[in-house]
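Report on one structure; see the data block that follows.
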Amino acid sequence: MPEEISVTAQTSEFELTHAKSAVFYGLYERKADLKHRTHYCPGCGHGVVHKLIAEAIEDMKLQDNTILVSPVGCSVFAYYYFDVGNVQVAHGRAPAAATGIKRACPDKIVISYQGDGDLAAIGTAEIIHAANRGEKFTVIFVNNAIYGMTGGQMAPTTLVGQKTTTSPWGRRPVNEGFPLHMCELLSTLEAPVYVERVALSDNKNIMKARRAIRKALEIQRSGLGFSFVEILSPCPTIWGMEPVDARRWVAEKLIPAFPLKAFRDAKPVLPPDTPPPIRPVPEVLEIAGESTHVARKSAHQFQEMKIKIAGFGGQGVLLLGQILAEMGMREGLEVSWLPSYGPEMRSGSAHCHVCLSEQRIGSPLISQPDVLIAMNEISLRKFAPSVSPSGLILYNSNTLPADFEAPPAHIACVPASQIADMLGSAKVANMVLLGALLEATGSMSPETAKRVIADKVKRVELLEMNEKALETGAQYVDKEAWAEAQPDGFPY
Amino acid sequence: MRQLCKGNVAVVKGAILAGCQAYYGYPITPASEIAESAALYMPQVGATFLQAESEVASINMVYGAAAAGLRVMTASSGPGVSLMQEGISYLAGAELPCVIVDVVRGGPGLGNIAPEQSDYFAMVKGGGHGNYHNIVLAPASVQEMADFTGLAFELADRYRNPVVVLTDGFVGQMMEPVDLEFREATVPDKPWAVRGTSETRPNLLTSIYLEPDELEMRERKLEEKYRLVREREPRHELYQTEDAEILLVGFGIVSRLLRSAVETARRDGLKLGLFRPVTLWPFPSEALKQAASRVDRVLVVELSNGQMVEDVRLALDGDVPVEFYGRVGGNVPSVEEVLEHVVGGLTPKETA
Ligand SMILES: Cc1ncc(C[n+]2csc(CCOP(=O)(O)OP(=O)(O)O)c2C)c(N)n1
Ligand code: SF4
């Protein structure tokens, strides 16, 4: 809680005993006052960790290449001190932000600096997934078993029995659960290269922490993968201790609960990887090809034709609509295709709306279709009443259901599924109906249909079957389909 | 080349043509095809695609990539966009440009996946914490899904601000022809970015300003930027407004419905006109005022229970009666339904 802590004149032991690294700013200009010293409390572990990181960056000559991601917590102001590129991010999200940064700058050094609330509580998902992806950055995890910045609330790493402002009776595992062991958790994953826990309990352990930080950065520099250093760290202010006692508490309480060791120190075994091919943008986006435009030479000219297609999922309802729209586009019409989507499709039925028009299309949603292609009885019953009185219904059957009250529209029964079965695949029923539709309405050219299908269907036998289906549908509608006498001057 | 394309797919094509270098996202219907086509196309043009563990993570990955100076985007719908709100506020606070596509679905909570326009408040009025604005564009066609995504990247970089493409399940799911043209995208210099170089070493990207005066200055600076955006960027479209007696107002897919309604009504001699806000923030208030200056009344139609209508009322400030008609849950009014309300006048129940 830097903003609430009164800064005393006392200076931490390590600020006295070490010369200041050149990776720290000379004067902390980003601070409002006391620009010559940090905002951390005397004896705070963050100060020590900062020093170890800064010296590592300096010794490894990484200052120009380092991007430090600072968290929300007492170290939110890490950028006051580190003379490197600085990005401050939301509470717990440093591993996500670092992912975005590192993937943008893969050859730079990215350090995600986080506290235990930040990393092990609100940001648990982000750290686990970044580690699991093997993101090639370094995480420095300062575990002080408490929320420092917000004034001493319980952390996910607070010890059993430890009193905090939000565990005033001591942490009770029955209520709050046990402390989270992040190194242990992360080392169950396959991707991390290096996971080690160190402590700031004494000079010997500080030297180990120093080595661990350098090793983690070295691993990152070599592009090996994810490196993670957890540092058990004193927070004398919130713990209510003198700095010396706080370090002893790290040794006597934290280390037994959080054993120090390298949990992972090995390169992961990755399966061979085939990266996607890099191709020119116009090719990838399919904007490079030749124009598919064809001259319109259909028998029937119309201003606008609204087609609704409905049936079971799997009957090729949506595809039929797409082919009609694609044909319209190639023949120079304005077109729109609007599907039913989501659970409705899962429940087994599907429908789509296709508008073909000489003018810019207003609503792509059709309330009164000119043409209904009903691929099953449910669709016929559901949508037939809405068809325009002068419109056309193509129904996938020999006959209309006995009790069906036919609306004024023209109705043609085409047993497309039966025909398709005879042709060798139930899948081409939609093409039988397309053939019937084109023949009955003269709206667009069967040639265009064949071209569109040829572009979609690559297998020769299938393509032939599709073409046969188109033709058979056309022949059938000509000879046998009408549920009533075929009217003269039929508009569609 | 003209091609038949799904709205959601067009977003990604438009993005790549605009030089988008990274996509981070999490699947959700009806926006998933955006992630799917990004997964397919982005790596093939040397850009990054990553499926994040959540929308919280996606938006923060976007934050990181934007901090490094990349053109970066994400897309989602309702619940996912709610999860992004904290991150969007941070992006605005740190002045990081990015593009967020919201393919709006139905309801509060899990609602359904059918189209609504009910994220208007969430995206246009902020949604996240603090004093900030998203720039919000509302496409109504598949072509505009591509074009507006491109425009969104430009505006984002120009103003160093998140830009939202606010669309709905219909526009996302429908297919229409689009004309796409390849031009080498010009991504502006971003000297403020943090890229791990000696030139960018002094740079800091943050949104924390502890001192009250410092934060106030910061927010005033943002406000000054927003003023510029309000002045320069409102966009709208008019249809048959010159002699209109009744003005219909709607955005996105609704504007197309209303266009059909205007045409149908005019065939019956009823003088309707259409005002379509293209930018929802900044809201084209001045243009609306002008368009409404000669009409008898205004009817706002939305796929919500009345959100944009508040901005229409603010803009017109009582000069003209403003009525509202909305459908929700994935129901979309038919042209006939809209006209019934125009002709029949509105029953009190349906006016908001
Ligand atoms: C979303 C969100 N929730 C809560 C907070 C308040 N908050 C700031 S820091 C913090 C905990 C910090 O603890 P820790 O990560 O252990 O870091 P320390 O201060 O101990 O170094 C909390 C809860 C916040 N900034 N953002
Ligand atoms: S001692 Fe504790 S409260 Fe003080 S700066 Fe360090 S972590 Fe924060």
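Everything quoted here is computed from the prediction, not taken from an experiment. Throughout, a chain's letter reflects where its sequence line sits, starting with A, and its residues are numbered from 1.
Ranking T66(A), N65(A), D107(A), L285(A) against chain B, the residue ahead of the rest is L285(A), based on heavy-atom pairs under 4.5 Å. Note: P364(A) leads A288(A), P364(A), A125(A), A32(A) in heavy-atom pairs under 4.5 Å with chain B. Interface remark: of the candidates P276(A), A325(A), C105(A), C105(A) forms the most heavy-atom pairs closer than 4.5 Å to chain B. Contact count versus chain A (heavy atoms, under 4.5 Å) is highest, among G169(B), S334(B), G46(B), for G169(B). Annotation: maximal heavy-atom pairing with chain B below 4.5 Å, among I67(A), I109(A), L62(A), L68(A), occurs at I67(A). Across M1(B), K6(B), E53(B), the residue that shares the most heavy-atom pairs under 4.5 angstrom with chain A is E53(B). If you tally non-hydrogen atom pairs under 4.5 Å between each of G289(A), G328(A), S291(A) and chain B, the highest count goes to G289(A). For the set E337(B), E214(B), Q3(B), the count of heavy-atom pairs under 4.5 angstrom toward chain A peaks at Q3(B). For the set E199(B), E237(B), E181(B), the entry with the most heavy-atom pairs within less than 4.5 Å of chain A is E237(B). Heavy-atom pairs under 4.5 Å with chain A peak, among L17(B), V9(B), V262(B), at L17(B). Between chain A and the options K13(B), Q21(B), M175(B), heavy-atom pairs under 4.5 Å are most frequent for M175(B).
The part of L365(A) that comes within reach of chain B is its side chain, from C-beta onward, which places non-hydrogen atoms under 4.5 angstrom from that chain. Heavy-atom distances place both the backbone and the side chain of S198(B) under 4.5 Å from chain A. Within the 4.5 angstrom heavy-atom criterion, atoms from both the backbone and the side chain of I208(B) approach chain A. Using a 4.5 Å cut-off between heavy atoms, I253(B) touches chain A through its side chain atoms alone. Both the backbone and the side chain of Q63(A) come within less than 4.5 Å of a heavy atom of chain B. Neither the backbone nor the side chain of V354(A) comes within less than 4.5 Å of any heavy atom of chain B. When heavy atoms are compared at a cutoff of 4.5 Å, L50(B) approaches chain A solely by way of its side chain, counted from C-beta outward. Only the side chain of Y63(B) comes within less than 4.5 Å of a heavy atom in chain A; its backbone stays farther off. Contacts between I122(A) and chain B at a heavy-atom distance below 4.5 Å are absent for every atom of the residue. Only the side chain of E86(B) comes within less than 4.5 Å of a heavy atom in chain A; its backbone stays farther off. With a 4.5 Å cut-off on non-hydrogen atoms, E290(A) touches chain B through its backbone but not through its side chain. At a 4.5 Å heavy-atom cutoff, the contact between Y90(B) and chain A is made by side-chain atoms alone. The contact between E336(B) and chain A is made entirely by side chain atoms (from C-beta outward), counting heavy-atom distances below 4.5 Å. Using a 4.5 Å cut-off between heavy atoms, A98(A) makes no contact with chain B at all. Both the backbone and the side chain of S336(A) come within less than 4.5 Å of a heavy atom in chain B. Heavy atoms closer than 4.5 Å to chain A are found in both the backbone and the side chain of A57(B). For I128(A), no part lies near chain B; criterion is any non-hydrogen pair under 4.5 Å.
For the pair R2(B) and E334(A), the salt-bridge criterion is met [side-chain N within less than 4.0 Å of a carboxylate O]. E211(B) has no carboxylate O lying under 4.0 Å from a charged side-chain N of R30(A), or vice versa, which leaves the two without a salt bridge. One finds no salt bridge joining R256(B) and E144(B) here, because no Lys/Arg side-chain nitrogen approaches an Asp/Glu carboxylate oxygen to under 4.0 Å. Between E263(B) and R360(A), no side-chain nitrogen of the basic residue sits less than 4.0 Å from a carboxylate oxygen of the acidic one, so the salt-bridge criterion is not met. Between D455(A) and R330(A) a salt bridge is recorded (basic side-chain N to carboxylate O distance below 4.0 Å). Ionic pairing of E116(B) and R327(B) is not present here: no N-O contact between side-chain nitrogen and carboxylate oxygen is shorter than 4.0 angstrom.
A cation-pi contact links R259(B) to Y239(B), judged by a cut-off of 6.0 Å to the six-membered ring centre and 45° from its axis.
A centroid separation of 6.0 Å or more is found between the aromatic rings of Y28(A) and Y80(A).
Only one option out of R296(A), E326(A), E331(A) pairs with T448(A) in a side-chain hydrogen bond (donor to acceptor under 3.5 Å, both in side chains); it is E331(A). Residue E135(A) is tested with R103(A), K102(A), Q220(A), H129(A) for a side-chain hydrogen bond (donor to acceptor under 3.5 Å, both in side chains); the sole match is R103(A).
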(request) Check the pair L333(A) / E358(A) against side-chain contact (heavy atoms from CB on, under 4.5 Å), numbers first and verdict last. (result) CA-CA 6 Å; L333(A) 295 168; E358(A) 292 283 353; 3.8 Å; yes
(request) Apply side chain to side chain donor-acceptor pair (under 3.5 Å) to R133(A) and T99(A), showing your working. (result) CA-CA 10 Å; R133(A) 289 189 302 265; T99(A) 297; 3.1 Å; yes
(request) Mind running side-chain contact (heavy atoms from CB on, under 4.5 Å) on I307(A) and H353(A) for me, showing each step along the way? (result) CA-CA 6 Å; I307(A) 306 167; H353(A) 307 230; over 6 Å; no
(request) Kindly determine whether V76(A) and M149(A) satisfy side-chain contact (heavy atoms from CB on, under 4.5 Å), including the steps that lead there. (result) CA-CA 9 Å; V76(A) 62; M149(A) 188 190 207; 3.5 Å; yes
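Between F77(A) and H39(A), the ring-plane angle classifies as perpendicular under the 30° and 60° cut-offs.
Distance alone, capped at 3.5 Å, is enough to place a donor-acceptor pair between the T197(B) side chain and the T200(B) backbone.
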